[in-house]
There are 2 protein chains.
Amino acid sequence: MQTDNATDFLSTLRREAREAPESGIVEVVNHGRTRPGLIPLWVGEGDLATPSFISEAATRSLAAGETFYTWQRGVPELREALARYIGRVYGRTCSHERFFVTGSGMQALQIAVRMLAGDGDEVIVPTPGWPNFAAAIGIAGARPVAVPMSLQPSGWFLDLDRLTAAITPRTKAIVVNSPSNPTGWTATQDELAAILAIARKHGLWIIADEIYGRFVYDGSVRAPSFRDVMEERDRILFVQTFSKNWAMTGWRIGWLEADPALGDVIENLIQYSTSGVATFMQRAGIAALDHGEGFVAHQIERARRGRDIVCRGLAATGRVRFAEPAGAFYLFFSVDGVADTRRLAIRLVDEANVGLAPGTAFGEGGERYLRLCFARKAEDLEEAVRRLAGVLGRAAA
Amino acid sequence: MQTDNATDFLSTLRREAREAPESGIVEVVNHGRTRPGLIPLWVGEGDLATPSFISEAATRSLAAGETFYTWQRGVPELREALARYIGRVYGRTCSHERFFVTGSGMQALQIAVRMLAGDGDEVIVPTPGWPNFAAAIGIAGARPVAVPMSLQPSGWFLDLDRLTAAITPRTKAIVVNSPSNPTGWTATQDELAAILAIARKHGLWIIADEIYGRFVYDGSVRAPSFRDVMEERDRILFVQTFSKNWAMTGWRIGWLEADPALGDVIENLIQYSTSGVATFMQRAGIAALDHGEGFVAHQIERARRGRDIVCRGLAATGRVRFAEPAGAFYLFFSVDGVADTRRLAIRLVDEANVGLAPGTAFGEGGERYLRLCFARKAEDLEEAVRRLAGVLGRAAA
């Protein structure tokens, strides 16, 4: 009965909804979520809870009764705090009218896609890439077009000729995620300028995901950004989140940065999807932006140590290959002789009690890799490396 | 420059996004939001902040560090609390697997629409109706098909022959909002059974918005529901919210109730739109469901008094027409001699310092009406009625 009923129900749904892929990461998480002692390095979040100066800003707002409907674009104070933050970190003054508060970076991406692409359209996504890019594009009825990057001796590489060759009359936008989840690829300013030139030439939008822009390991305050090379008229939508910099993954608050001319359209898309973000959440966002630099620096320093531990430890197994990531907080590595990392990720849960994300989740070119999140305390990472080394030593067996 | 730039930007966006209508309610709110002393009866929220037993559940969770990613379908404890609540209020035991936590009732609606309708499809929406129904359908690329209801001496009336006549081979679903925002129409159990029979016969889904189901004024615990007439295999999606019953409008938390066979699809649509709801929000939801009945009763009693005040007071002007609402917390009234209530709503802000929603926002058949939210303390409503009476006495002048 249940099966008949399920089939009957499902067959009446829209194809795009029915065929939306399960995140290959979620599949492994659901397999191992409840295992005692598991070290979870599978999703993009660290082990630190949100700092109390941020949570308490929300608590004070709640206690003050800020529980009513609010501005669909975000409370003015948060939009102004965003303009201050971007001005400070990126050295460009900008208007608060460029900022639109969303219920997660994911929602910022969803809205960006909805603005640009639907049935019959194409959006270019370099891969390996965060699976939600392709999925959000597909649910919108458009087609994600993968441009596989390659692992060179010098690191991950985006071939701009290959990018250009992927452009068709149906292409609407290019997703650029730098620093990249999962590879750690971090575009130089010259590379960003070259991508922008291609977009300009073909009249395409850029969806810029620079959410890991603060997580770089060369001593810079932040990675190169499209803000360094763009002009006012360039068609760029920045999708952003509070999740990573301020350990707010569970909150679901982010923002979209766009030309103010798009304000009415963005406001409507917010209105008709979630109708805004809780004021008390937004107060927390203001605290994070205005008083969070010390915490950001602490997190980056921790990630730098984590990066050293996992790079050194896994290299020592002699069984893995990777490029040391210049940005973000993931190690993306392949295991000699292993082609199916989905099975290996499940096995690593069962045998090493370590949770990793299978590279199969990240699209073309990621199949032979595993993604490990190193935004975590050193002891856990050292233990995880020990456990992984034990199993990887017999991985192909 | 700005204008050229704006035109240039906008012309490159998807038509469905560009043409999404501004909510006619938001337009008036933006006109009057900052006026001192204005009595705001324009949006669907009362004047009570969220009760502290609910807010404090969130605060405790935040203080305990529940700030990490969580289950995409909602934490199991909240899904179980939802099953208990529905079981208690509707007298039907059901599995927690029917419940999916969303970032607002609006998001539940968005996901329901995305599951059912896209380019080339039609969805039937009785009007006057909440503007977000038609807008969400339009943004998804589908066409909202209005079936205007009529104001009879016995109250608002949905003509089922007219509903049936609106069905075409492209129709995928019928939206049924009972009790209705804005009219207060509350379907009888027989009417719901008749609508369900039509849906069954034509293989259509029903999107049931019963969010005002507790706000009825005949002494019942709740309005008739599709739950009273449905069978297990019926194609019904319930969109729901914490906003109204528990004064949580600003929180943005709701739920979708559906057959568990749809679970994977719904989980994916959540994953690729907002990726879940904050755990600390969900703890507040559990407190509301398990300990909120006293507060719900208090709100309904207040709304009953508010309804009496505004019905009596506006009827006494001799200038207005309405059906006394059986459910929800709005008075939907026309003013003799006034055809353009958009202009009148702006004028009432300017001259009466009272915020009402123009009926033009609610689609076909609503143009001559104004919507007044009476979920508010008696003194405010009495003062609002006095002010409105003064201006309406010369409304057509």
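Throughout, protein chains are lettered first and strands after them, A, B, ... in sequence-line order, and every chain is numbered starting at 1. Keep in mind that the numbers below use all heavy atoms, side chains included, and drop hydrogens, waters and symmetry copies.
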I want to check something: taking the side chain as every heavy atom from C-beta on, are [X] and [Y] in contact at a cut-off of under 4.5 Å?
X	Y	value
B:W251	A:M281	no
A:F9	B:P260	no
A:D8	B:R235	yes

inquiry  = Between B:Y272 and A:A134 (side chain of the first, backbone of the second, donor and acceptor by atom type, cut-off under 3.5 Å), is there such a pair?
reply    = no
Heavy-atom contact with chain A under 4.5 Å, split by part of [X]:
X	answer
B:T249	both
B:W205	side chain
B:V277	backbone
B:I266	neither
B:I139	side chain

request  = Only pairs at least two apart or in different chains count here, so list each salt bridge (Lys or Arg N to Asp or Glu O under 4.0 Å) that has a residue in residues 55-74 of chain A.
outcome  = A:E66-A:R283, A:R73-A:D264, A:R73-A:E267
task = Walk me through it: do B:I54 and A:T67 pass the test side-chain contact (heavy atoms from CB on, under 4.5 Å)?
result = CA-CA 11 Å; B:I54 295 175; A:T67 59; over 6 Å; no
Between [X] and chain B, which part of the residue has a heavy atom less than 4.5 Å away: side chain, backbone, both or neither?
X	value
A:R33	side chain
A:T274	both
A:A117	backbone
A:N30	side chain
A:L109	neither

Under a 4.5 Å heavy-atom cutoff, which of [options] has the most pairs with chain A?
options	result
B:P131, B:S55, B:S275, B:A135	B:S275
B:Q72, B:M106, B:R15, B:M248	B:M106
B:Q107, B:R114, B:Q110	B:R114
B:G65, B:G118, B:A136	B:G118

Where is the tightest heavy-atom contact between [X] and [Y], given as atom of each residue plus distance?
X	Y	answer
A:R14	B:L116	CG-C, 3.6 Å
B:L62	A:A58	CD1-CB, 4.1 Å
A:A17	B:L269	CB-CD1, 4.1 Å

message = Can you list everything that forms a side-chain hydrogen bond (donor to acceptor under 3.5 Å, both in side chains) with A:S243? Sequence neighbours excluded, please.
response = A:T241
inquiry  = A:W71 vs B:V29, test: side-chain contact (heavy atoms from CB on, under 4.5 Å). Steps then yes/no.
reply    = CA-CA 10 Å; A:W71 304 85; B:V29 172; over 6 Å; no
